[in-house]
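What follows is a short report on a single structure.
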Amino acid sequence: MLSIKKLRDDLDNVKKGLALRNLDLSFEPWIEADLRQREIKQEVETLKHRRNQASQEIPQLKKAKKPVETLINEMKTVSKKISEYEHTLKKIESENEDFLLRIPNLPHASVPVGKSEADNQEIRQWGKPPAFSFEPKSHWDIGEALGILDFERGAKIAGARFVLYRGLGARLERALINYMLDVHTASGRYQEMLPPVIVNRDSMTGTGQLPKFEEDLFHLKDNDYLLIPTGEVPLTNIHADEILAESDLPLSYAAHTLCFRREAGSYGQDTRGLIRQHQFNKVELVKFCPPAQSYALLETLLGDAELILQKLGLPYRVVSLCTGDLGFTAAKTYDIEVWVPSQAKYREISSCSNFEDFQARRAKIRYRTEAGKIQHVHTINGSGLAVGRTVVAILENMQQADGSILIPEVLQPYMGGLEKIASI
RNA sequence: GGAGAGGUGGCUGAGCGGUCGAAAGCGGCGGUCUUGAAAACCGUUGAACUGAAAGGUUCCCAGGGUUCGAAUCCCUGCCUCUCCGCCA
């Protein structure tokens with residue numbers, strides 16, 4: 001959520017920022033409603049002031065054995081008016097709130113300006129795409145041939161975009177989760193968490209999935225619970241409605257969670273394979289910090305995610321999303337894209353963003369400065385990494401002519417010392 | 001799932017329907033004292049909105065209701081605890 005002060009005092013710059021996102025919102029109705037809201041509020045407050053005064057006078061008059069009938073009758077009218085005004089006020093306030101909750105964050109000055117994905121800016125590449133002496137196979141062909149991925153049975157059990165990992169496939173997924181968490185939590189860089197993967201509406205609103213993106217979420221209707229699309233939701237909301245101490249910042253959390261996405265609107269995209277599943281594993285990194293540190297810490301967090309790929313020996317590049325491709329809540333985002341040989345393309349495996357105070361304002365995550373001032377923290381998060389897609393990258397980049405897969409050295413201890421996965 | 005108890009400030013914990021944002025204690029902060037610290041004593045100590053300020057409004061889990069007036073009464077929901085049942 002943007003600061004209402006900014007909207008009132010600096011609307012031109014807000015509009016400019018939104019224009020960079022290809023967004024042209026009409027603010028006129030809101031401006032009017034906002035004025036009206038403040039007017040009514042003042043009116044209500046004046047009436048309430050009178051009522052409060054009377055509430056003190058009445059007992060005094062009673063004590064002095066003076067008549068109170070007139071005053072009470074007068075207050076009856078006042079109270080009636082108050083509740084009428086409040087009814088209107090509530091309606092306007094919730095409409096205004098809803099409008100604000102649907103405005104995206106503004107891009108940071110360092111974000112490249114552009115219309116679409118095509119304008120994203122490559123920051124760096126790491127590693128070289130492997131050269132194969134044969135036509136590299138897709139990970140689903142490899143996985144099925146090795147008997148470690150079973151898409152047919154995944155579909156039978158649940159439906160399209162679900163997979164059954166078997167044997168060493170399941171082991172590999174688990175190995176990656178453990179490896180990633182071990183690296184991130186080494187020497188206390190991130191505190192490990194294991195949060196709920198089902199959350200309430202407040203949490204989803206706090207991190208920005210609601211109210212706008214409800215159709216992307218799985219919904220448990222009986223009790224209005226929602227399945228998280230990313231670990232960012234429970235991790236960020238850990239500190240919702242809290243005032244943190246500056247001396248405790250920055251806070252860094254890492255967690256493995258399942259993630260669930262409806263993938264409404266992505267029909268026809270990545271219909272085969274692990275890339276786009278309704279349910280997947282992810283290790284998420286989240287930081288809370290004072291505003292002055294957030295851009296430096298975004299780089300740190302990005303580096304932490306990159307480290308995993310480096311240690312696994314998987315070629316990747318880092319891309320800075322342009323203003324037109326930025327997610328709803330982000331002020332700045334780096335995507336890490338890993339090389340996928342069968343597609344001869346880099347594909348997203350991590351997204352690292354600085355939300356500035358956008359989520360903190362929604363979720364009411366604040367901190368007290370050393371000077372005693374209370375202000376919103378900045379939140380930063382990123383995948384470290386999407387586990388299923390890491391499996392994709394390993395299967396495809398490490399594939400051998402004989403159909404086997406070499407297991408990255410750092411992962412071997414997590415695979416019981418196994419050096420490769422081969423069909424028996 | 002059944003029966004009961006309860007949700008008050010950083011914590012513990014008072015609070016008759018009417019000067020209650022809320023006693024008291026602890027903790028925190030500032031000071032006196034001290035070479036320093038502890039102890040003792042004194043003072044101070046929630047948040048949001050609004051206003052240049054003075055001030056005003058709101059918040060005692062959440063949402064409704066009763067009332068001139070609600071932390072206090074009623075209803076609903078959520079959460080916590082105890083007992084029973086079931087259960088990984």
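Everything quoted here is computed from the prediction, not taken from an experiment.
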Point to revise | Between A:Glu84 and A:His87: side-chain donor-acceptor atoms closer than 3.5 Å | key: no
Review point. What interatomic distance, in whole Å, is found between C1' of B:U45 and the corresponding atom of B:A24?
Key: 15 Å
Practice item. Give none if B:C41 has no partner; otherwise give the nucleotide forming a Watson-Crick or G-U wobble pair with it, both distances under 3.5 Å. Key: B:G31
Check your understanding: Just how far, in rounded Å, is C1' of B:C59 from CD of A:Glu45?
Key -> 13 Å
**Study point:** A:Gln56 side chain, from C-beta outward: closest of B:U19, B:G18, B:U58
**Key:** B:U19
Review point. What integer number of Å spans the C1' atoms of B:G21 and B:C49?
Key: 16 Å
Point to revise | Rounded distance in Å - CG (A:Asn200) to C1' (B:A62) | key: 13 Å
Check your understanding: Nearest of B:G69, B:G18, B:U19 to any side-chain atom of A:Gln60?
Key -> B:U19
Check your understanding: Going by atom types alone, do A:Ser294 and A:Asn354 pair a side-chain donor with an acceptor below 3.5 Å?
Key -> yes
Revision key, fill the gap. Whole-Å distance, A:Met1 CE to B:A48 C1', equals 12 Å
Point to revise | Residue closer to the 5' end of RNA chain B, A:Tyr225 versus A:Asn73 (nearest nucleotide) | key: A:Asn73
Practice item. Tell me what A:Gln42 touches on the nucleic acid: a base, only sugar-phosphate, or nothing, going by heavy atoms under 4.0 Å. Key: nothing
Practice item. Please state whether the phosphate of B:U57, meaning OP1 or OP2, lies under 4.0 angstrom from any side-chain nitrogen or oxygen of A:His49. Key: yes
Review point. Considering every strand shown, what is the Watson-Crick or G-U wobble mate of B:G25 when both distances are under 3.5 Å?
Key: B:C11
Exercise for review: With heavy atoms under 4.0 Å as the rule, sort A:Leu71 into base, sugar-phosphate or nothing.
Suggested key: nothing
Point to revise | Partner nucleotide of B:C20 by Watson-Crick or wobble geometry (both distances under 3.5 Å) | key: none
Study note, to complete from the structure: Scanning all shown strands, the Watson-Crick or wobble mate of B:A53 with both distances under 3.5 Å is none
Point to revise | Between B:A62 (P) and A:Asp241 (CG): distance, integer Å | key: 11 Å
Review point. Which nucleotide in the set B:C79, B:G18, B:A48 lies at the smallest distance from any side-chain heavy atom of A:Arg366?
Key: B:A48
Study note, to complete from the structure: Of the listed B:A47, B:G64, B:C68, the closest approach to the A:Ile58 side chain comes from B:C68
Practice item. Flag yes if more than 12 heavy atoms outside A:Arg38 fall under 6.0 Å of its CZ atom; otherwise flag no. Key: yes
**Study point:** Gap in Å between the two C1' atoms, one belonging to B:A70 and one to B:G15, rounded
**Key:** 13 Å
Review point. In terms of side-chain heavy atoms of A:Lys62, which of B:C68, B:C79, B:G64 is nearest?
Key: B:C68
Review point. With both distances under 3.5 Å as the test, what is the Watson-Crick or G-U wobble partner of B:G6?
Key: B:C79
Check your understanding: If we take the P atom in both B:G13 and B:C81, what is their distance in whole Å?
Key -> 15 Å
**Study point:** Which nucleotide in B:U50, B:G64, B:G18 has an atom nearest any side-chain atom of A:Ser55
**Key:** B:G18
Practice item. Scan side-chain atoms only and decide if A:Thr379 and A:Lys287 contain a donor-acceptor pair under the 3.5 Å cut-off. Key: no
Review point. Rounding to the closest angstrom, what is the interatomic distance between B:G9 and B:A48 at atom C1'?
Key: 15 Å
Point to revise | A:Lys5 side chain, from C-beta outward: closest of B:G69, B:U50, B:U58 | key: B:U50
**Study point:** Separation of B:C49 C1' from A:Lys48 NZ (nearest whole Å)
**Key:** 12 Å
Review point. Quick one: which of B:U58, B:G18, B:G69 gets closest to the side chain of A:Asn52?
Key: B:U58
Study note, to complete from the structure: Rounded to whole Å, CG of A:Asp202 lies from P of B:G63 at a distance of 11 Å
Point to revise | Euclidean distance, atom CD1 of residue A:Ile374 to atom P of B:A48 [Å, nearest integer] | key: 5 Å
Review point. Among the nucleotides B:G46, B:U50, B:U19, which one has an atom lying closest to any side-chain atom of A:Arg368?
Key: B:G46
Point to revise | Atom NZ of A:Lys311 with >12 non-hydrogen neighbours under 6.0 angstrom | key: no
Exercise for review: If B:G46 has a Watson-Crick or G-U wobble mate with both distances under 3.5 Å, name it; if not, just say none.
Suggested key: B:C59
Point to revise | Sugar-phosphate, base or nothing in reach of A:Arg38, heavy atoms under 4.0 Å | key: nothing
Exercise for review: Give the intermediate values and the outcome of salt bridge (Lys or Arg N to Asp or Glu O under 4.0 Å) for residues A:Lys373 and A:Glu246.
Suggested key: CA-CA 10 Å; A:Lys373 219 182 127 201; A:Glu246 181 164 22; over 6 Å; no
Review point. Can you tell me how far C1' of B:U67 sits from CD1 of A:Ile82, to the nearest Å?
Key: 13 Å
Review point. Which nucleotide, in any strand shown, forms a Watson-Crick or G-U wobble pair with B:G1, with both distances under 3.5 Å?
Key: B:C84
**Study point:** C1' spacing across the pair B:A23 / B:U8, given as an integer number of angstrom
**Key:** 12 Å
Check your understanding: Does A:Tyr190 have its ring centroid less than 6.0 Å away from the ring centroid of A:Tyr253?
Key -> no
Exercise for review: Give a yes or no on whether A:Asp224 atom CG has more than 12 heavy-atom contacts from other residues, nucleotides or ligands under 6.0 Å away.
Suggested key: yes
Check your understanding: Which whole number of Å gives the distance between the P atom of B:G43 and that of B:G36?
Key -> 24 Å
Review point. Looking at the side chain of A:Arg8, which of B:G69, B:A47, B:U50 is the nearest nucleotide?
Key: B:U50
Study note, to complete from the structure: Contacts of A:Lys76 and A:Thr46 projected onto RNA chain B by closest heavy atom; the upstream (5') one is A:Thr46
**Study point:** Rounded distance in Å between the C1' positions of B:G51 and B:G64
**Key:** 32 Å
